[in-house]
J.: 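Pasting a structure below so you can have a look.
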Amino acid sequence: MANIDITLLTSKRTRISVDGLDSVAATQAGGYIVVAGESETTTFAVHFPSNFIGQTSWVYMKNSKGEYKVKHFGMLKSADVTFTLPEEMTFAGNTYLVFYATYGAGESTIKTVWSPVVVPVASTGIDYRKVAVASPDVLEEVITEAGEAIRIARELREEADNGNFDGKSAFVRFSASDDGADMTEDWSAGQGYLGIYIGHEASNDPQEYKWTRFIGGSFCEDDDVTTEIDYIVVDNTDKSFIAEGITSVKLTIPKNISHGYHAGVNFVSGATPPTFEVVNNSDYAVKIIQYGLVMASYAPSANCSTSMSIMCDGKFVHVSILEVTA
């Protein structure tokens, strides 16, 4: 059994806590485990921002079989609501929860959609306190990468202890690829690999460096100039395009994404909305999601702000879209 708190932030992101233990943002690889059949024992406590009191709210749910279920909370009398998963939503696999709030009517209706919550549902009992805040394949990858980093550090220490440096220095470079392609001396967002070379002077050949992956920070970037957006989405980076008169939006999903990848893209539409295109260079199929439903395509609306959350769950790249009337 797990008692799960979901806090819906004004930034349209979500944050979760399992029995008081904070986890990563829910749009990242799963932060807790629900056991199949726990519909009556796993309680979700949802906290809306206080300014949403009085608005109508609900949650869309989708299990790993693609089946949907809706739970209506009605008009919020307080910022806090609780619910349990319906039985059909505890089918083994990932269950997605998307929370909504809306007020107004007709053309003046304003709908708020928060980033989806991923609920990994296990087919057998698991003591969730004994598992980390990521799925097994992510853990294996992190452990492997950490082991490689430790191995390189030990080799460097042994060379130093044996006097093999002999006037040599350690040179560090950064790259977005595990082979060191386009390496640089200074780190920038999207460069997840660190290379080390021992020599009397730095080498310009990335193959002479020992490369290992490391975890960078999360960054936000603003662009108030570009009107023809042609952007390669960057892991752990939220990019906002706020120039007037944006005419086109082209987003490229890079080749080297993996489970746990997360990025954000925001842009503003004027009276004439921009064209929209996704170029997928990854090995995962792209799913465009709006209002909790998978869409064949997306056409931006006029006079609105669009916020996109882009994540990879190891099976698909999900592009979740939120439009807010300007």
Side-chain angles (χ1 to χ4, degrees), residues 2-34 39 42-63 68-86 89 94-104 109-121 128 133-134 218 220 236 238 240 260 262-266 287-294 304-311 313 318-326:
N3 294 313
I4 299 167
D5 282 346
I6 299 175
T7 302
L8 306 176
L9 306 178
T10 56
S11 64
K12 311 305 183 296
R13 301 288 179 86
T14 55
R15 189 159 191 85
I16 57 176
S17 174
V18 182
D19 283 357
L21 302 176
D22 281 344
S23 179
V24 296
T27 50
Q28 306 244 352
Y32 46 86
I33 297 294
V34 175
S39 58
T42 300
T43 301
F44 290 82
V46 184
H47 310 287
F48 286 82
S50 58
N51 58 309
F52 283 84
I53 295 176
Q55 296 189 26
T56 301
S57 64
W58 66 97
V59 58
Y60 272 112
M61 295 170 275
K62 187 188 78 169
N63 63 20
Y68 287 89
K69 192 78 174 179
V70 180
K71 171 69 175 178
H72 290 278
F73 304 127
M75 185 176 294
L76 291 174
K77 296 182 179 179
S78 72
D80 302 321
V81 296
T82 60
F83 73 100
T84 56
L85 285 179
M89 290 296 109
N94 282 339
T95 292
Y96 292 87
L97 310 179
V98 181
F99 293 89
Y100 293 79
T102 185
Y103 70 92
T109 299
I110 296 178
K111 180 178 291 185
T112 302
V113 186
W114 282 269
S115 295
V117 176
V118 183
V119 182
V121 180
Y128 71 94
V133 293
S218 180
C220 297
N236 290 327
D238 193 282
S240 292
H262 181 269
V265 175
N266 312 288
K287 285 194 173 183
I288 297 177
I289 302 172
Q290 190 174 19
Y291 306 132
L293 302 175
V294 177
C304 72
S305 297
T306 299
S307 177
M308 295 187 172
S309 177
I310 302 164
M311 62 164 287
D313 64 358
H318 299 270
V319 180
S320 299
I321 299 171
L322 164 67
E323 288 188 342
V324 178
T325 303

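Each residue takes its place number in the sequence, starting with 1.
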J.: Could you tell me whether F52 atom CZ has more than 12 heavy atoms of other residues or ligands within 6.0 Å of it?
T.: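 More than 12 heavy atoms, drawn from other residues, nucleotides or ligands, come within 6.0 Å of this atom.
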J.: For a quick test of reading the model, state the closest non-hydrogen atom pair linking W114 to P49 and the distance between them.
T.: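 Shortest heavy-atom separation between W114 and P49 comes out as CZ2-CD, 3.9 Å.
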J.: If only atom types and distance count, is the side chain of T95 paired as donor or acceptor with the main-chain N or O of M89 below 3.5 Å?
T.: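 Yes.
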J.: OG1 of T56 to NZ of K111: how many Å apart, nearest 0.5 Å?
T.: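 Atom-to-atom, T56:OG1 and K111:NZ are 11.0 Å apart.
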J.: Which value, rounded to the nearest 0.5 Å, describes the distance between T306 atom OG1 and N266 atom CG?
T.: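 If I round to the nearest 0.5 Å, the distance is 9.0 Å.
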J.: Please confirm whether the backbone N or O of Y100 pairs with a side-chain atom of W58, one donor and one acceptor, at under 3.5 Å?
T.: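 Between the backbone of Y100 and the side chain of W58 there is no qualifying donor-acceptor contact (under 3.5 Å).
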J.: Would I6 and L8 count as a side chain to side chain contact (heavy atoms under 4.5 Å, CB included) if you check the C-alpha gap in whole Å, the side-chain angles of each, and the deciding distance to 0.1 Å?
T.: CA-CA 6 Å; I6 299 175; L8 306 176; 3.9 Å; yes
J.: Would you compute the distance between atom CD1 of I289 and atom OG of S309 and round it to the nearest 0.5 angstrom?
T.: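 The OG atom of S309 is 9.5 Å from CD1 of I289, to the nearest 0.5 Å.
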J.: Do L85 and L97 come close enough that some side-chain heavy atom pair is under 4.5 Å?
T.: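 The answer is yes, as the side chains (C-beta and beyond) meet within the 4.5 Å cut-off.
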J.: Is the ring centre of F83 less than 6.0 Å from the ring centre of F73?
T.: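 Under 6.0 Å, so yes.
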J.: Compare every heavy atom of A79 with every heavy atom of S50, then report the nearest pair and how far apart it is.
T.: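 Result for this residue pair: CA-CB, 4.3 Å.
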J.: Heavy atoms only: give me the nearest F48-S57 pair and the separation to one decimal.
T.: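 So the minimum-distance heavy-atom pair works out to CZ-CB, 3.7 Å.
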J.: I need the minimum non-hydrogen distance between K69 and P86, along with the two atoms involved.
T.: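 Closest heavy-atom pair between K69 and P86: CG-CG, 3.8 Å.
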J.: Starting at CG of L293, measure out to NZ of K62 and round the result to the nearest 0.5 Å.
T.: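 Those atoms lie 9.5 Å apart.
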J.: Got a second to check how far M308's CE is from I288's CD1, nearest 0.5 Å?
T.: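 Interatomic distance, M308 CE to I288 CD1, rounded to 0.5 Å: 7.5 Å.
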J.: To the nearest 0.5 Å, what is the distance between CZ (F44) and CE (M61)?
T.: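 Those atoms lie 9.5 Å apart.
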J.: Restricting to side-chain hydrogen bond (donor to acceptor under 3.5 Å, both in side chains), what partner residues turn up for Y96, sequence neighbours left out?
T.: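 D313, H318.
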